[in-house]
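Note sheet for the following structure.
Keep in mind that the numbers below use all heavy atoms, side chains included, and drop hydrogens, waters and symmetry copies. Everything numeric here is computed off the predicted structure, so don't read it as measured data.
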Amino acid sequence: MDDEPHIRRLLRSALDRAGYSIVEAETAREALGRLDTERPELVLLDLGLPDRDGLEILPLILARSTARVLVVSAREATEEKVAALDLGADDFVTKPFDTDELLARVRVALRQRLAGSAPTRVLTVDGIEVDLVARHVQRGGAEVHLTPKEWGLLAELARHPGRVVTHAQLLRTVWGPAHEQDVEYLRVTVRSLRAKLESEPAVPKLITNEPGVGYRLMADA
């Protein structure tokens, strides 16, 4: 849903070429009405809709639909991205965007929707195997020994592969609600994880950073 005709044309063209069925909406009211009749698997949501702010309708979308939500917005402020992700958006793409990157984010979101129908036990990403039930990690078949905090952080990212998990969510889950502002804890633990898991820790490809927002465990294509 987007109120800019040229953006809708660009999205329609890219998604149509990729083989997706598309339903468009220009306003929040129109979009909410179509959720019930069309039952989409994924919603591309602009925050600057003419009748309501996208952050207002994001919880409404999630309450009445099982669709994944990918925010596509010209808003660049970190607090806007954090707000959308904390409200339940799966990802955030800033306009102007590269259509290939957007389609990659769409594929990740749809894979996660399918994976969400059953609990994930083992996740394999770039040669790293994370077993969420047995609580162990292997790299190239060899066991990787992690501290409890390293494991907790990696496990939380592994539960949402391909998605940005905000600093606050990671800190709340791994360190507890009293530490939601202690971002330095995250930086130290991420550096340690990268040293153990990345082939080139200084140029991370597995655990990437969304500046000011959070971290993402990159998902295999």
Could I get the full list of side chain to side chain donor-acceptor pair (under 3.5 Å) partners for [X], not counting sequence neighbours?
| X | result |
| --- | --- |
| R105 | D91, E101 |
| S13 | R17 |
| T189 | none |

Q | Worked verdict on D86 versus R172 for salt bridge (charged side-chain N to carboxylate O under 4.0 Å, His left out) | A | CA-CA 12 Å; D86 280 344; R172 185 168 57 248; 5.1 Å; no
Between [X] and [Y], does any side-chain N to carboxylate O distance fall below 4.0 Å?
| X | Y | result |
| --- | --- | --- |
| R68 | E41 | no |
| K205 | E198 | no |
| E38 | R34 | no |

Suppose we screen for side-chain contact (heavy atoms from CB on, under 4.5 Å). Which residues come up paired with [X], at least two apart in sequence or across chains?
| X | answer |
| --- | --- |
| P59 | L87 |
| E184 | R187, V188, R191 |
| R159 | L132, A155, E156 |
| A77 | E79, E80 |

Just by modelled atom types, is the [Y] backbone N or O under 3.5 Å from a matching donor or acceptor in the [X] side chain?
| X | Y | value |
| --- | --- | --- |
| R64 | L35 | no |
| E30 | E26 | yes |
| D53 | G48 | no |

Q. Listed by chain and number, what are the salt bridge (charged side-chain N to carboxylate O under 4.0 Å, His left out) partners of R107, not counting sequence neighbours?
A. none
Can you tell me how far the [atom1] atom of [X] sits from the [atom2] atom of [Y], to the nearest 0.5 Å?
| X | Y | atom1 | atom2 | result |
| --- | --- | --- | --- | --- |
| L102 | L15 | CG | CG | 6.5 Å |
| D90 | R163 | CG | CZ | 4.0 Å |
| D182 | E180 | CG | CD | 10.0 Å |

(Q) Minimum heavy-atom separation for T78 and P211, please, with both atom names. (A) OG1-O, 4.2 Å
Q: For residues A195 and P201, report the shortest heavy-atom separation together with the two atoms involved.
A: CA-CG, 3.9 Å
Q. So with a 6.0 Å cut-off around CD of Q181, is the heavy-atom count from everything else above 12?
A. no
Q) Taking only residues at least two apart or on different chains, which pairs with a member in residues 199-218 satisfy ring pair (Phe, Tyr, Trp, His ring centres under 6.0 Å)? A) H167-Y215
Q) Are H160 and L217 close enough that some pair of their side-chain heavy atoms sits under 4.5 Å apart? A) no
Q. With clusters built from Ile, Leu, Val, Met, Phe, Trp and Tyr whose side-chain heavy atoms come within less than 4.5 Å, directly or transitively, what are the remaining members of the cluster of L85, listed by chain and number?
A. V82, V164, V213
Q: Any side-chain hydrogen bond (donor to acceptor under 3.5 Å, both in side chains) involving residues 127-141? Give me the pairs, sequence neighbours left out, ordered by first then second residue.
A: R121-D131
Q) With sequence neighbours excluded, what pairs up with H179 under the ring pair (Phe, Tyr, Trp, His ring centres under 6.0 Å) test? A) Y185
**Q.** Working for side-chain contact (heavy atoms from CB on, under 4.5 Å), residues V144 and W151
**A.** CA-CA 10 Å; V144 179; W151 165 257; over 6 Å; no
